[in-house]
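For reference, the structure is listed below as structure tokens.
Residue numbers start from 1 in every chain, and the chains themselves are labelled A, B, ... in the order their sequence lines are given, proteins ahead of strands.
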2 protein chains.
Amino acid sequence: MTSQYLPGLAGVPATKSNISDIDGEKGLLAYRGYDIRVLAEQSTFEETSLLLLDGSLPTSDELAEFDTQLKGERRVKYNIREMMKYLPATGHPMEMLQTAVASLGMFYGGEEVLTESYGSEDLYYVHSMSVKIIARMATIVAMWEHVRNGYDPIEPRRDLSHAENFLYMLRGYEPDELESRIMDACLIMHAEHTINASTFAAMVCASTLASPFLVIAAAIGTLAGPLHGGANQRVVSMLEEIGRPENVKDWLDMKQGEKEVIWGMGHREYKTKDPRATILQKMMMEWAEKHGNLSPMFETALALEEACEERLGPKGVYPNVDYYSGILYTEMGIPPDQFTPIFAVSRIAGWMAHWREQLSDNRIFRPTQIYTGEAPREYVSIDKR
Amino acid sequence: MTSQYLPGLAGVPATKSNISDIDGEKGLLAYRGYDIRVLAEQSTFEETSLLLLDGSLPTSDELAEFDTQLKGERRVKYNIREMMKYLPATGHPMEMLQTAVASLGMFYGGEEVLTESYGSEDLYYVHSMSVKIIARMATIVAMWEHVRNGYDPIEPRRDLSHAENFLYMLRGYEPDELESRIMDACLIMHAEHTINASTFAAMVCASTLASPFLVIAAAIGTLAGPLHGGANQRVVSMLEEIGRPENVKDWLDMKQGEKEVIWGMGHREYKTKDPRATILQKMMMEWAEKHGNLSPMFETALALEEACEERLGPKGVYPNVDYYSGILYTEMGIPPDQFTPIFAVSRIAGWMAHWREQLSDNRIFRPTQIYTGEAPREYVSIDKR
């Protein structure tokens, strides 16, 4: 009871973890020891997910097996599709996602109760649940894009990678090679980022031995908060507000005068450039080269980046991963309110890894409070108040 | 970064709070300074909810207004009923509850984004959301009992109190006076209990400024974990296992030999008797007196209590609130898997109070981790593994 009170538990260690590590001074992020920049360029979302779950890079056989497992779990029961039809099209896709994932537990969850010390059998359970949920997150997010517009969803295909199939189901046509590579890299780079609010919510929920569907629904609800997920959606609103590249300087003068946040610039964890931004910036340049005729938003983004680097670069304020991903998703024709759901399609890999880690050395989260309320007082009956 | 690592954040203060306080040595629980035993006997769930939300006992006008507001929000849209029909009857009611509450946000949530410092207008928003959710939790739990059995749900009535209406909707007939009083007391006594895992999950989710439906869905998922909610359900399974009063002593010998948990006995927060148990024990005696012809489960429970008091009483192991509530709910004909949902129907008052308190002085929860994983290592391409 003698611990110091630190609002938001800032700087308070809540767990020991093997999953990922950030070196903010050097601008490094590593999953299980592997540099995110290398993973984004050389790995796939499937491989990275298995790395996050198991702790080591899989052999080609192990990866092929995992890939087959994921492909086998892409479909979602028609009851869930029918349920979705009763949800208002005006609701936020993150609320839909929380609803649908929570309902999955009723179809697949069973009555399994985990014990505090689980053996190899439970590891099988943990792995199979991870596959079921990782595969279906993508399907559910893509389904909603069709259902909310009044169309039947697109059935998943088994001949496409996770990223390809997701884009195919989301938009109804196969992505080209560059689009697939960008989506794959985005899924890899958003998959894990140490202990943040949504991962922490998953851990708190998991610590009661709740089923993984309940746990992931808790994480989705937390990611949906505007202080957590949603930064890339705001980047796009900001770029729409600026409108054209020639407006950038005036807009920036105004914002700097008001000391307002410039969305997608800087990151509280990194003192130097967000390592993930470097990769996406390259991909953005590839996109620009390939498509030549750029949209006003894309040109505005390039002009804003240049202006920010001129003015803010020395202070270490560079575009982060959200800046580029928002622009690239927009170029791919994805509606901005689907950006946070896509974040969840990726982060599910990290959440499942933390779920597994939590169970491997579990203790229920039960912090204390500093009571600052009323001292004991006498109840007064209502006629005497 | 120098804070000590305490698993489960045990003893680490996560917040300052005015809502409730436990004195484990004296066996006291107080909501906003008022003794739970007095509230359970003299207050109502409606009044206690408003006390938890606002911080003081309402005048009769304030209470009447709140009561009218709750009654006005008891109905649930038919889309939610239709959605429920697609959920498997075999799923756990807590998963249904998380699904349905998450979906509510799409109907009522809108696109409100809270700011970190909210004024009176936001307090109106916070209050109206609290009413919407408190009222509907009871309706949803009661609806499911009918839908999962293939029947249309019972429409809520405006001429009944919250507890009466809940029992009416759940079972399809009006409760008698004793049943209503017991349910009201149970709802009062489970409404709040400082920072536990589900309340903490709600706070973590709320700290991202997620909508209250997302927040409550996160809390429901956490309460569903077998280490958190669900103890009263286990009391009933235990009593069924014992079967008859004459089996109690042998059963107890066996369990004590194996040093196993006796469900519903003792409470980690209280060194003496759980103050809530005293009230329920009285009500159980009233029930016994009124009904005379007791069920074997009830008689077994009385025999087990007596045997435990004889053997374990000196160690301070007494029946807790879960022990009596499980038995009383069973006597009222409520299925055991609905006990945790009923816990949520009550605890929603505390969760909404903590949501409000969190927003009033918000800081996003972002604890740290102690990284115990691999040091930076080189990626090896798949053909070389």
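Listed options B:Thr194, B:Val380, B:Ile220, B:Asn196 were ranked by heavy-atom pairs under 4.5 angstrom with chain A; first place goes to B:Thr194. Ranking B:Ala217, B:Cys205, B:Ala219 against chain A, the residue ahead of the rest is B:Cys205, based on heavy-atom pairs under 4.5 Å. Interface summary for chain A: among B:Ser381, B:Pro58, B:Ala89, the most heavy-atom pairs under 4.5 angstrom belong to B:Pro58. Counting heavy-atom pairs closer than 4.5 Å to chain A, the top residue among B:Ala102, B:Ser207, B:Gly33, B:Ala201 is B:Gly33. Here A:Asp21 is the residue among A:Val38, A:Asp21, A:Leu63 with the most heavy-atom pairs under 4.5 Å with chain B. Looking only at heavy-atom pairs under 4.5 Å with chain B, the residue among A:Glu378, A:Lys77, A:Lys85 that has the most is A:Glu378.
Atom OG1 of B:Thr368 and atom CG of A:Leu6 lie 10.0 Å apart (nearest 0.5 Å). One distance of note links CD of B:Gln369 with OG1 of A:Thr199; it measures 9.5 Å at 0.5 Å rounding.
Interface remark: B:Glu47 contributes side-chain atoms only to the contact with chain A (heavy atom separation under 4.5 Å). Heavy-atom distances place the side chain of A:Leu39, and not its backbone, under 4.5 Å from chain B. Both the backbone and the side chain of B:Ser43 come within less than 4.5 Å of a heavy atom in chain A. Heavy-atom distances place the backbone of B:Ala375, and not its side chain, under 4.5 Å from chain A. Looking at B:Glu269, the atoms closer than 4.5 Å to chain A (heavy atoms on both sides) all sit in the side chain, from C-beta outward. Proximity to chain A involves both the backbone and the side chain of B:Met96, based on heavy atoms less than 4.5 angstrom apart. Residue B:Ile19 touches chain A through its backbone alone, counting heavy-atom pairs closer than 4.5 Å.
With a 4.5 Å cut-off on side-chain heavy atoms, B:Arg377 and A:Arg32 count as touching. The shortest distance between side-chain heavy atoms of A:Thr99 and B:Met83 falls below 4.5 Å. Residues B:Tyr78 and A:Tyr86 fail the side-chain proximity criterion, which asks for heavy atoms closer than 4.5 Å. Under the 4.5 Å side-chain criterion, counting only non-hydrogen atoms from C-beta, B:Leu57 is in contact with A:Arg385. Looking at B:Thr15 and A:Ile370, their side chains never come closer than 4.5 Å, going by heavy atoms from C-beta outward.
Annotation for A:Ala218 and B:Gln98: closest pair N-NE2, 4.1 Å, computed over non-hydrogen atoms. Across every non-hydrogen atom of A:Leu9 and B:Pro13, the tightest pair is CD2-O, 3.9 Å. In terms of heavy atoms, B:Arg363 sits closest to A:Ala10 at NH2-CB, 3.6 Å. Listed here is the closest heavy atom pair of B:Ser103 and A:Leu87: CB-CD2, 3.7 Å. Nearest heavy-atom pair across A:Ala224 and B:Leu214 is CB-CD1, 3.6 Å. Closest heavy-atom contact between B:Met106 and A:Pro88: O-CG, 3.3 Å.
A donor-acceptor pair is defined here as one N or O able to donate and one able to accept, closer than 3.5 Å; such a pair exists between the side chain of A:Thr372 and the backbone of B:Ser17. Between the side chain of A:Thr208 and the backbone N or O of B:Thr222, at least one donor-acceptor pair lies under 3.5 Å. Between the side chain of A:Glu374 and the backbone N or O of B:Tyr31 there is no donor-acceptor pair closer than 3.5 Å.
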- Message: Does B:Leu227 form a side-chain contact (heavy atoms from CB on, under 4.5 Å) with A:Asn362? I'd like the steps, not just the answer.
- Response: CA-CA 11 Å; B:Leu227 295 189; A:Asn362 190 48; 3.9 Å; yes
- Checking side-chain contact (heavy atoms from CB on, under 4.5 Å) for the pair B:Val12/A:Val12: CA distance, chi angles, key distance, verdict? CA-CA 9 Å; B:Val12 176; A:Val12 176; 4.1 Å; yes
- Message: I'd like to know whether B:Asp35 forms a side-chain contact (heavy atoms from CB on, under 4.5 Å) with A:Tyr379, so could you lay out the CA-CA distance, the side-chain angles of the two residues, the decisive distance to 0.1 Å, and finally the verdict.
- Response: CA-CA 8 Å; B:Asp35 192 312; A:Tyr379 184 82; over 6 Å; no
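The aromatic rings of A:Phe200 and B:Phe365 lie tilted to each other, with the angle between the two planes from 30° to 60°.
The only option from B:Glu95, B:Met94, B:His92 that meets the side-chain contact (heavy atoms from CB on, under 4.5 Å) definition with A:Ser211 turns out to be B:Glu95.
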